[in-house]
Amino acid sequence: QNIPYFDGHCDTIWRCMKREAVPDYGATEDECRAYFSACAALRENRGHVDLLRGQHYRKRAQFFALYDDVRALPPNTAWTKLREMHDWFLFQIQENSDLVSHCKTGAEVDAAAAQHRTAALLSVEGADLLDCALDHLETVASWGVRLINPVWNNANVLSGSCADEPDRGLSVYGREFVAKMYEYGIFADVSHISDAGFWDVIQAAKGPVVASHSDARTPGLCPHRRNLTDDMFRAVRDTGGVVGIHLVDEEHDRLVLLAGELIGLFGAHRHAAAGRNHDDDAARGAGDGDLAVLNGSAQHLEHIAVELGQFI
């Protein structure tokens, strides 16, 4: 049941479905369009993640995020957009059942890994895609969503984020929303949330808390409020949760350093994972830092897995 590659977050669905140019994903509009046109399907593409390259790993699991910038969408269309992304994901799973299984439980992840298929799980990055509505939680739970970020970079009625209203924590309604998530078997993902929101989630959560793609805020590593302090890492550990290491480049030595920092803080390797945020980084071009290429070789990640003991 040891999965050498278990990644907590990628934006591949968003990149595959996006057709219009998005600022910051290239120096020119043509470069922006080229970034998104590189991806069209999960089986094979020129982005960072596809199912064929996933076969490099003996066992592999991936959380696929349902994500979009709600403020960039037409008004009152977020929930519709979320359902469209879910439908697209299900179609891709059906079309590629030889390579991937949609998993909703740990037992299903183990079964997919044993069959040399990618174990595909779902998360939602930003509860505003659910209109922050309690009655939508039951629906996404039935889809198999197992992680929800209360916020992405945009603050919402639940909480401030690391980038927007960073001093605001969970609202009273936000606490109710997080508590209801756990009733449906959905864990809170604290990547992107404000510091105040982080500690409020730790208090409100009724089970493990996850930071699917976050780094160490420690000086000399990644000292930015988007990342987690040592006390935050320990708090996640104490819930029984997991932190996924978010790569902003492909330096093998840096990944090992971060992994060592996490393990040193946690005192146990079972709380550290990968959270590489693939297909949301224009600096990593197609074939440059994809899931089959880590400084030129898939064996690098296997080496890191050995150093960690295992990825969970």
Side-chain angles (χ1 to χ4, degrees), residues 8-23 36 39-42 62-94 102-104 120-165 168 170-194 197 200-201 204-205 210 212-213 277 279-280:
H9 184 87
C10 73
D11 289 309
T12 307
I13 294 174
W14 172 72
R15 187 175 179 185
C16 285
M17 293 184 69
K18 187 66 71 173
R19 290 294 172 262
E20 66 273 18
V22 179
F36 291 97
C39 286
L42 287 187
Q62 176 71 57
F63 264 99
F64 288 91
L66 301 175
Y67 156 77
D68 211 317
D69 181 355
V70 170
R71 292 183 183 174
L73 297 175
N76 303 315
T77 62
W79 178 238
T80 298
K81 182 65 176 180
L82 186 66
R83 286 179 293 168
E84 289 173 355
M85 289 188 285
H86 177 244
D87 289 345
W88 185 91
F89 170 79
L90 292 182
F91 175 78
Q92 295 294 316
I93 296 296
Q94 182 178 7
H102 178 202
C103 300
K104 301 181 180 181
L121 302 102
L122 282 175
S123 64
V124 176
E125 189 174 26
D128 35 0
L129 283 163
L130 287 72
D131 298 326
C132 297
L134 289 172
D135 57 353
H136 288 161
L137 279 175
E138 183 174 7
T139 299
V140 298
S142 72
W143 296 350
V145 168
R146 290 297 172 255
L147 297 176
I148 293 179
N149 300 73
V151 293
W152 175 61
N153 283 342
N154 301 327
N156 59 33
V157 298
L158 304 183
S159 180
S161 79
C162 64
D164 185 17
E165 300 185 52
R168 181 163 67 86
L170 287 182
S171 62
V172 173
Y173 179 68
R175 291 174 181 270
E176 180 184 1
F177 191 93
V178 169
K180 182 63 71 172
M181 285 168 50
Y182 282 83
E183 291 181 19
Y184 287 118
I186 301 172
F187 299 156
D189 184 344
V190 291
S191 293
H192 290 281
I193 204 167
S194 66
D200 290 341
V201 168
V210 173
S212 64
H213 54 301
N277 201 23
D279 288 309
D280 187 31

Visitor: Under the side chain to side chain donor-acceptor pair (under 3.5 Å) rule, collect the residues that match up with Q92, sequence neighbours excluded.
Guide: none

Visitor: If the condition is salt bridge (charged side-chain N to carboxylate O under 4.0 Å, His left out), which residues does D128 pass it with, not counting sequence neighbours?
Guide: none

Visitor: Find out whether F63 and D189 are in side-chain contact, i.e. whether some heavy atom of one side chain is under 4.5 Å from a heavy atom of the other.
Guide: no

Visitor: Does D69 have any side-chain contact (heavy atoms from CB on, under 4.5 Å) partners at least two apart in sequence or in another chain, and if so, which?
Guide: Y67, R71, A72, W152, N154

Visitor: Compare every heavy atom of G160 with every heavy atom of A155, then report the nearest pair and how far apart it is.
Guide: CB-CA, 3.9 Å

Visitor: Minimum heavy-atom separation for S194 to S159, with atom names?
Guide: OG-OG, 3.8 Å

Visitor: Quick one: CG on N149 to CG on L158, what's the gap to the nearest 0.5 Å?
Guide: 11.5 Å

Visitor: Does K104 offer a backbone N or O that forms a donor-acceptor pair with the side chain of R146 under 3.5 Å?
Guide: yes

Visitor: Extract all donor-acceptor atom pairs below 3.5 Å that involve side chains of residues 73-81 and protein atoms in other chains or at least two apart in sequence.
Guide:
unit_1, atom_1, unit_2, atom_2, d
T77, OG1, P74, O, 2.6
T80, OG1, R83, NH2, 3.4

Visitor: For E176 and Y173, run side chain to side chain contact (heavy atoms under 4.5 Å, CB included): C-alpha distance rounded to whole Å, both residues' side-chain angles, the deciding distance at 0.1 Å, then the answer.
Guide: CA-CA 5 Å; E176 180 184 1; Y173 179 68; 3.8 Å; yes

Visitor: Kindly indicate whether the side chain of Q62, heavy atoms from C-beta on, has any atom under 4.5 Å from the side chain of T12.
Guide: no

Visitor: For residues S191 and H9, determine if any side-chain heavy atom of one lies less than 4.5 Å from a side-chain heavy atom of the other.
Guide: no

Visitor: Can you give me the closest heavy-atom contact between A188 and Y182, atom names plus distance?
Guide: N-OH, 3.0 Å

Visitor: Can you tell me if F91 has over 12 outside heavy atoms packed within less than 6.0 Å of its CZ?
Guide: no

Visitor: Which heavy atom of S212 sits nearest a heavy atom of L147, and at what distance?
Guide: CB-CD1, 4.4 Å

Visitor: Any heavy-atom pair between the side chains of I13 and H86 that's under 4.5 Å?
Guide: no

Visitor: Rounded to the nearest 0.5 Å, what's the gap from CD on E84 to CE on M17? Could you check?
Guide: 6.0 Å

Visitor: Restricting to side chain to side chain donor-acceptor pair (under 3.5 Å), what partner residues turn up for K180, sequence neighbours left out?
Guide: E183

Visitor: Kindly write out the residues that satisfy side-chain contact (heavy atoms from CB on, under 4.5 Å) with S161, not counting sequence neighbours, or none if the list is empty.
Guide: V151, A163, D164

Visitor: Where do R168 and N156 come nearest, in terms of heavy atoms and distance?
Guide: NH2-O, 2.7 Å

Visitor: Below 4.5 Å, heavy atoms only, C-beta onward: do V157 and S171 meet side chain to side chain?
Guide: no

Visitor: Assess the pair F36 and W14: is the distance between their ring centroids shorter than 6.0 Å?
Guide: yes

Visitor: Please table the atom pairs, donor to acceptor, closer than 3.5 Å between any side-chain atom in residues 130-142 and protein atoms at least two apart or in another chain.
Guide:
unit_1, atom_1, unit_2, atom_2, d
H136, ND1, L130, O, 2.8
S142, OG, T139, O, 2.5

Visitor: Looking at CG of L66 and CZ of F89, how far apart are the two atoms once the value is rounded to the nearest 0.5 Å?
Guide: 7.5 Å

Visitor: Would you mind reporting whether V201 and L170 have side-chain heavy atoms less than 4.5 Å apart?
Guide: yes

Visitor: Within the 4.5 Å heavy-atom criterion, are F64 and L42 side-chain neighbours or not?
Guide: yes

Visitor: Between H102 (side chain only) and W143 (backbone N and O only), is there a donor and an acceptor less than 3.5 Å apart?
Guide: yes

Visitor: List the residues meeting side chain to side chain donor-acceptor pair (under 3.5 Å) with D200, not counting sequence neighbours, and say none if there are none.
Guide: R175

